2 protein chains.
Amino acid sequence: MLPRPTIDDVAAAAGVSRATVSRALRGGHRVSSRAMTAIQQAVARTGYVVNRNARNLASHRAQSVAFVLCEPPQRLVADPSFNLLLSTCAQELTAHDLILTVAVTTGPDLRSWVRRHLLGGQVDGALVVSAHASDPIADELHGAGVPVVVYGTPFPATDPAPGADDIPAPVYVAADDRSGATEAVRHLLGRGRRTIATIAGPPETACGLNRLAGWRDAVGETTDDRLIAVGDYTAAGGQAAMAELLHRAPELDAVFVAGELMAAGAIAALSRAGRRVPDDVAVAGFDDSAVAATIWPSLTTVRRPLAEISHRMVELVLELIDGGSPRSLTLPTELVIREST
Amino acid sequence: MLPRPTIDDVAAAAGVSRATVSRALRGGHRVSSRAMTAIQQAVARTGYVVNRNARNLASHRAQSVAFVLCEPPQRLVADPSFNLLLSTCAQELTAHDLILTVAVTTGPDLRSWVRRHLLGGQVDGALVVSAHASDPIADELHGAGVPVVVYGTPFPATDPAPGADDIPAPVYVAADDRSGATEAVRHLLGRGRRTIATIAGPPETACGLNRLAGWRDAVGETTDDRLIAVGDYTAAGGQAAMAELLHRAPELDAVFVAGELMAAGAIAALSRAGRRVPDDVAVAGFDDSAVAATIWPSLTTVRRPLAEISHRMVELVLELIDGGSPRSLTLPTELVIREST
DNA sequence: GTGAAAGCGCTAACAT
DNA sequence: ATGTTAGCGCTTTCAC
């Protein structure tokens with residue numbers, strides 16, 4: 001690394017003081033236009049770039065936001081949703097001249113690493129993504145006064161711990177998984193399907209629970225436990241779950257699957273079992289990455305507005321950083337109808 | 001944010017000087033075990049976390065590495081490979097107690113932002129991922145003395161610009177796309193296929209060129225331009241390209257596709273056209289995320305060792321940061337045979 | 001509108 | 001092994 005010019009070099013080159021350069025560098029308030037142009041030229045000439053460590057140390061800010069993924073990394077790899085979330089957040093933050101630092105947390109070591117870094121004052125706020133509602137990391141950061149926005153539906157109607165009223169839960173942005181699931185199942189019913197099974201997500205995840213609840217809302221009292229199988233959001237899991245459903249309830253004519261990868265696995269299982277999709281069995285999934293549109297038959301799915309979710313998360317965390325106290329948000333989903341139903 | 005304790009608070013609480021605490025905090029060399037324990041207790045008691053801005057300012061390091069994606073973000077979203085790269089790099093760096101900051105560069109504004117940020121001294125090195133070999137950002141950073149490791153195959157046999165010998169090109173880590181493609185096509189030939197078409201990537205990407213070259217290596221002199229279509233690595237692009245191939249060369253009995261999403265699209269197009277896979281047409285793809293294993297029939301693909309690539313990229317950038325001058329690496333691919341061939 | 005001066009919290013010589 | 005002393009490069013009162 002070559003020695004970089006400092007603010008003093010710029011000041012000298014522009015014939016002004018360091019303080020004036022500092023003012024000019026952000027906003028340029030209280031700087032004469034004469035000095036302003038001289039400084040701009042000096043910056044260009046010297047190739048000056050502000051040292052953020054020095055700036056942040058002096059100004060007690062960090063100019064950065066952390067993106068914390070509280071999931072085993074293979075889930076990040078497997079689930080295209082996380083990408084969209086991450087890259088959209090990165091772009092939004094970049095547009096606000098903030099830096100995004102990423103942490104993938106698995107295991108106690110990484111969790112403590114995350115704590116050390118996020119609590120170290122080099123982060124203005126954090127975006128926490130976790131399938132598990134009310135992740136301890138989010139609560140801890142929030143309790144420590146770090147502005148936090150969580151992605152994920154909170155568990156339905158949990159009683160707050162007694163005496164915890166003074167520290168309200170972190171702000172979250174969620175998709176309305178439950179209604180989305182209901183809409184998908186109603187669509188299946190509207191297509192004349194009568195025996196609609198479901199492949200649910202793990203019960204310890206809020207979205208697993210909510211999508212299952214949405215299925216129940218639509219199928220009504222007729223709920224038959226034979227029609228419920230549980231997967232782990234992977235294609236392999238979906239395949240196994242579908243095979244099991246076919247075994248337990250061979251008469252089924254539709255299945256609502258709580259994840260797109262699982263749905264792709266379900267379609268593979270149906271194809272192997274000689275059932276045609278959608279003629280014999282209609283399949284509706286959840287989430288809408290390239291996979292849903294790519295497989296054959298293409299998948300009818302419930303789309304979460306991930307881009308907007310990221311957008312809102314960034315918006316809310318900036319509001320929190322500015323001292324505001326925004327409310328949590330639940331955004332509606334959208335049913336995308338394709339060939340599989 | 002609450003006011004955080006400083007190193008002086010810890011020093012006072014432990015009854016030692018600030019310098020001793022500083023030594024104890026990293027490594028603990030030249031610190032008596034007596035002082036060491038006192039400091040550890042003081043840290044625990046005060047809840048002290050080092051301020052990295054101050055540390056980095058004083059030590060002229062950044063303790064962080066940037067992950068720069070020189071692609072439109074929709075590609076990140078669409079291509080599962082980038083995820084794996086990103087999350088593996090994040091983990092590796094975390095294990096070395098480094099922070100990963102992410103930059104997604106699209107458009108001139110963001111590119112200039114990236115420059116400002118990476119040149120600002122708060123980054124020790126950069127990992128640049130781009131489909132376009134020798135991306136200007138990588139060259140610029142490298143030219144400015146920032147340790148850079150690029151992911152991506154360099155263009156085949158480009159003559160270096162005259163006089164550029166003093167600044168050799170950045171170090172890269174690549175997969176051997178060309179041999180991988182050849183192996184896949186030989187596999188197709190081994191299955192008795194005779195008319196093997198290809199869906200190539202865009203010619204301005206190195207991997208597009210290399211995979212096409214690998215196909216040529218295997219099919220030999222019989223190369224027939226009717227058998228080459230070009231896609232953009234998306235499923236839709238693959239679908240369109242396959243439809244075109246079917247139109248131009250209806251007699252084809254196999255196709256080698258330069259990307260997994262395009263391959264999925266190709267299978268969809270074949271299914272729609274009433275061709276059975278693999279009975280009528282065998283399909284081999286490139287890259288091996290959840291998609292390849294999930295679709296039906298599951299896809300035979302060339303797998304790039306992405307986890308190892310990330311591992312190596314981190315290793316090399318650390319070596320560069322330490323002042324070493326490691327060599328570039330090309331890693332072999334692996335053919336994963338599934339149902340589609 | 002501009003400059004002087006005092007830190008921000010830490011590391012890194014240099015003494016001891 | 002430990003303490004003292006300077007800064008690192010910037011922001012930020014506070015005078016002018």
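Here the structure is a predicted model, which is why all the values come from computation and not from measurement. Because only heavy atoms are used, hydrogens play no part in the values below, and waters and symmetry mates are left out as well, while side chains stay in. We name chains A, B, ... by the order of the sequence lines, and we start the count at 1 in each one.
A sub-4.0 Å separation between OP1 or OP2 of C/dT11 and a side-chain N or O of B/R61 is absent. The phosphate of C/dT11 (OP1 or OP2) has a side-chain N or O of B/S22 nearer than 4.0 angstrom.
Between A/F67 and the choices A/L93, A/T101, A/L100, the side chain to side chain contact (heavy atoms under 4.5 Å, CB included) rule is met once, by A/L100.
In the model, A/R52 has no side-chain atom that pairs as donor or acceptor with a side-chain atom of B/H117 under 3.5 Å.
Straight-line distance from the CZ atom of A/R52 to the P atom of C/dG9: 19 Å, rounded to whole Å. Per the geometry, CG belonging to A/N56 stands 11 Å off P belonging to D/dT12, to the nearest Å. In this structure, A/R55 atom CZ and D/dC8 atom P are separated by 19 Å, rounded to whole Å. One interatomic measurement links the two molecules: CG of B/D8 to P of D/dG3, which rounds to 12 Å at whole-angstrom precision. When rounded to the nearest whole Å, the span between CD of A/Q63 and C1' of D/dG9 equals 15 Å. To the nearest angstrom, C1' of C/dT11 lies 13 Å from CG of A/N53. Protein atom OH of A/Y48 is 7 Å distant from nucleotide atom C1' of D/dG9, rounded to whole Å.
Here the side chains of A/V171 and A/S328 are in contact, with some heavy-atom distance below 4.5 Å. Residues A/L127 and A/Y151 fail the side-chain proximity criterion, which asks for heavy atoms closer than 4.5 Å. Residues B/H96 and B/L318 meet the side-chain proximity criterion, which asks for heavy atoms closer than 4.5 Å.
To the nearest 0.5 Å, atom OG1 of residue B/T330 and atom CD1 of residue B/I309 are 9.5 Å apart.
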Per-nt protein contacts along nucleotides 1-8 of chain C (heavy atom under 4.0 Å; B base, S backbone sugar-phosphate only, - none) come out as SBBB-BBB

